[in-house]
Amino acid sequence: MFTKIKNIKLLVLAFCAFTLQVTSQEVKSRLQGMVDIPTPGLTFSMTYDPKGGPLENVKNISGYAYVFNDYRWQIEDLKMKKNGAVYSADFTVPKNCAFMAFKFYGNTENGLVTDTNQDTGYMLVAFKEPKVKMPGADLAWATFRNKDFNGQFGGYFKDFSIDGDATEYWLKKEVSANGNRFPEFFDTYFDVLKKQKPEKFEELGSKFLGDFTKNMKGLPEEVYTKVHHIYLFDLKNKTKADSLETVITKQFPKGAFVRQKAYQKIMPIADAAERNKVMTQFLADFPYSSEVPPSQQYFYDNIAKMQFTYYFENKDYKTILSMIPTMNFANLNDAYHQNISKALYLKVVDPAVIETMAVPMIQQMQKKVNDMSYMQGIYWSPNQATENAKNQLNNELVIQIRMYDILKKYKEVLETFELLPFEKRYEKASINDIHIKALEAFNKPIIEVLKNAARANTLSEASTAKLKEWFLKEGKKEADFPAYLEQLKKENKAEEKIALIDIAAPAIKVQSADGKTKDLALNSGKIIVIDFWATWCGPCKKAFPAMQQLVNNFKEDKQVEINFISTQETKEGYKKEALAYLKEKGLKITTYFDLVKKGGGTNNASFTNYAQIFKSSGIPRKVVIKDGKIRFTSEGYSGNPGQLVDELTNVINALKSE
């Protein structure tokens, strides 16, 4: 327990003087059952009805609470159950909770959608007993609703219900009621002072901090480090900061401050071997323990990742194998992604060697998927952190499947598929092909995989041919196969809405293969599909068979025009290379070439204007234009030809029906 600081109330009164008019909250129309006087330990059940709110049409809704508990912000999941159109949301108030704010969310095709009660919040203050608020209640109320603190709460509010003066008022009330706890939140006063009174910040802050430091004896190191930070970075008083650094180093020789100074010496070291030596010494001097504050967890995470990479690049696989059991899930996942996956893709390490590390890494990730290592601060709730870990594990399992396929270990391929959730098995056409190959290696039936891939619209050309072959063997007519394929695609799938946009399309000037320059007619009344690509772009070329299919489907349609534009090329002879590639692959498409900007060596004159609109220069980039307006765009390629053809076909048909 902190020792009460003498005259703390007088210090704070000198620090802030203000008035306030507090407005009452609106009635929580979508969340019913929040108790009037929540007390620590109490469990209460609320009812959340998404009707009329942003989550009304979202299939699965979850919720969590930002909780101010013992003067620390935490995040807690809500226990939610769906009952028809509404949800019950149970919540137990933590032991030292002073304040809680509930948030509901759901994942949609357009990203995460949240409900915070039309920006007025679902908030409760906790009480020890009627009319006696829990310590920290006024402080939480002051900061949670202030715009300068909103970022740490995931942008809970878009507009804010109190200003800085009101924040000061509630801070003063907190000090008045709980002055003995002031050292735990004194830095908040400085944050507010800096925002509210910048012209007097140096004068008032120096006076206040000078008085405050006279009474620091016996306080935790955290208070000392906060004071040091304010002197050094806010008040720019290096003399005071250096003096305090001497005190901290003497009183806390193995504490957080000295640990941070030691960690800061690691990053500037350019030589990898020397840096690894210093990291190893850091771990010896400051072994990880429960005394390491959450804010310094990333020291150990970064060191684990850097050392793994160092040993991997130096082929010290024995040391890596000894490291793997000591790493948490997040570290394992990063190391797998940055080293194992990369080496496999670039073919710089023998896959058999990669396997010796990849297998124990996956085994450890399976064991540690619930270790909450993604819980850093209040960015994610426990449920969200666990869900992210599961998603990451699934991604790495897919890489593992590719590795086993390269090694021709089809038994392991099938065993790894069994570890994936059903829907994850059918996300990519290339993975479906591996699945089919493994089944065929053991003479196992493949028809269900083919059908499920068709339902997910993730059939490759080869797999489509296999499904068609089975269809014909069943005695069906070839002419009926397209309809059968469409039927499978529609099973268990809601009708997708096309997200059309309306942006003026910049002019496009191109050069044809014969060297002639022309302006594309973007306002001709036609629906114009443009595919920006380059010879160096692997996904661009992988998408060409699907784009060829699109060309074939609309070659007789006078309303549709499909153009391919080579862009972002820098090397000599790129035109010749592009034309040779198209010919080699038997692609019957005509490509144009973007022009080179004046003074530049890259042919991206037109594409640059589109990249600025989309804030991305990534390719392949599909753009659909009608009447001089960009109506649809997409970047990249999923690897699923059917999805690409259907997506652009649906866009074209939607624009035709306008």
Side-chain angles (χ1 to χ4, degrees), residues 500-537 540-541 543-544 546-548 550-583 587-636 644 647-649 651-656 658:
L500 297 176
I501 56 178
D502 193 347
I503 302 172
I508 297 177
K509 182 171 284 190
V510 294
Q511 191 177 72
S512 59
D514 60 8
K516 294 180 180 178
T517 300
K518 64 177 284 189
D519 291 298
L520 294 186
L522 305 181
N523 202 11
S524 63
K526 291 183 178 181
I527 297 166
I528 302 166
V529 179
I530 296 172
D531 185 352
F532 287 103
W533 73 287
T535 55
W536 50 262
C537 171
C540 297
K541 294 190 282 191
F544 271 145
M547 291 304 295
Q548 178 69 74
L550 190 76
V551 169
N552 295 344
N553 292 349
F554 287 96
K555 64 182 178 182
E556 304 298 332
D557 193 326
K558 303 301 182 183
Q559 290 181 263
V560 179
E561 178 182 315
I562 303 174
N563 296 305
F564 296 80
I565 301 178
S566 167
T567 189
Q568 297 192 100
E569 296 280 12
T570 56
K571 61 183 178 181
E572 292 288 334
Y574 65 83
K575 294 179 185 177
K576 184 177 180 181
E577 182 179 337
L579 295 172
Y581 175 81
L582 296 176
K583 183 178 180 180
L587 295 166
K588 298 179 180 179
I589 60 177
T590 301
T591 192
Y592 295 102
F593 298 91
D594 204 349
L595 302 185
V596 177
K597 290 189 291 188
K598 290 183 179 179
T602 305
N603 72 323
N604 61 351
S606 293
F607 180 71
T608 296
N609 297 326
Y610 283 80
Q612 288 173 351
I613 291 174
F614 306 128
K615 295 181 172 54
S616 172
S617 59
I619 54 175
R621 164 72 67 179
K622 309 294 187 289
V623 180
V624 183
I625 298 171
K626 181 184 177 185
D627 297 329
K629 298 288 186 70
I630 300 171
R631 303 304 310 281
F632 176 84
T633 185
S634 67
E635 179 183 316
L644 178 56
E647 180 179 61
L648 291 175
T649 299
V651 171
I652 291 168
N653 290 336
L655 293 176
K656 281 184 175 183
E658 287 186 332

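All values derive from a computational prediction rather than experimental measurement.
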Just list the side-chain donor-acceptor pairs under 3.5 Å for residues 612-620, sequence neighbours left out, or say none.
| residue | atom | partner | partner atom | Å |
| --- | --- | --- | --- | --- |
| S616 | OG | G618 | N | 3.2 |
| S616 | OG | E635 | OE1 | 2.6 |
| S616 | OG | E635 | OE2 | 3.4 |

Please list, one pair per line, the donor and acceptor atoms closer than 3.5 Å that link side chains of residues 500-517 to other protein atoms, with sequence neighbours excluded.
| residue | atom | partner | partner atom | Å |
| --- | --- | --- | --- | --- |
| D502 | OD1 | K629 | NZ | 3.4 |
| Q511 | OE1 | K575 | NZ | 2.0 |
| Q511 | NE2 | G515 | O | 3.4 |
| S512 | OG | D514 | OD1 | 2.3 |
| S512 | OG | K516 | O | 3.3 |
| D514 | OD1 | K516 | N | 3.1 |

Are N552 and K588 close enough, and set up right, to give a side-chain contact (heavy atoms from CB on, under 4.5 Å), and what steps lead you there?
CA-CA 9 Å; N552 295 344; K588 298 179 180 179; 5.9 Å; no

Atom of S524, atom of A521 and distance for their closest heavy-atom approach:
OG-O, 3.7 Å

Please step through side-chain contact (heavy atoms from CB on, under 4.5 Å) for the pair D531 and N563, ending with a clear verdict.
CA-CA 6 Å; D531 185 352; N563 296 305; over 6 Å; no

Taking the side chain as C-beta and beyond, is there a heavy-atom pair between V551 and N553 under 4.5 Å?
no

Donor-acceptor under 3.5 Å (N603 side chain, L595 main chain)
no

Atom NZ of residue position K656 - does it have more than 12 heavy atoms of other residues, nucleotides or ligands inside 6.0 Å?
yes

Atom OG1 of T567 and atom CD1 of I530: how far apart are they, to the nearest 0.5 Å?
11.5 Å

If only atom types and distance count, is the side chain of E569 paired as donor or acceptor with the main-chain N or O of T535 below 3.5 Å?
yes

List the atom of Q568, the atom of W536, and the distance in Å for their closest heavy-atom pair.
O-NE1, 2.9 Å

For the side chain of T633 and the backbone of K622, is there at least one donor-acceptor N/O pair under 3.5 Å apart?
yes

Please report the interatomic distance CG(L550) to CD(E647), rounded to the nearest 0.5 Å.
11.0 Å

Residue pair N604, K597: steps toward the side-chain contact (heavy atoms from CB on, under 4.5 Å) verdict
CA-CA 7 Å; N604 61 351; K597 290 189 291 188; 3.4 Å; yes

Calculate, to the nearest 0.5 Å, the distance between atoms CG and NZ belonging to L582 and K541 respectively.
10.0 Å

With F544, which residues qualify under ring-ring contact (aromatic ring centres under 6.0 Å, His included), at least two apart?
W533, F564

Do NZ/NE/NH1/NH2 and the carboxylate oxygens of E658 and R631 come within less than 4.0 Å?
yes

Distance, nearest 0.5 Å, that separates CG of D557 from CD1 of I652:
8.0 Å

Heavy-atom closest pair (L644 atom, A543 atom, distance to 0.1 Å) is CD2-CB, 4.0 Å

From T590 atom OG1 to L579 atom CG, the distance as rounded to the nearest 0.5 Å:
9.5 Å

Could you walk me through whether L655 and F632 pass the side-chain contact (heavy atoms from CB on, under 4.5 Å) test, one step at a time?
CA-CA 10 Å; L655 293 176; F632 176 84; 6.0 Å; no

Straight-line distance of D594 CG to I565 CD1, nearest 0.5 Å:
6.5 Å

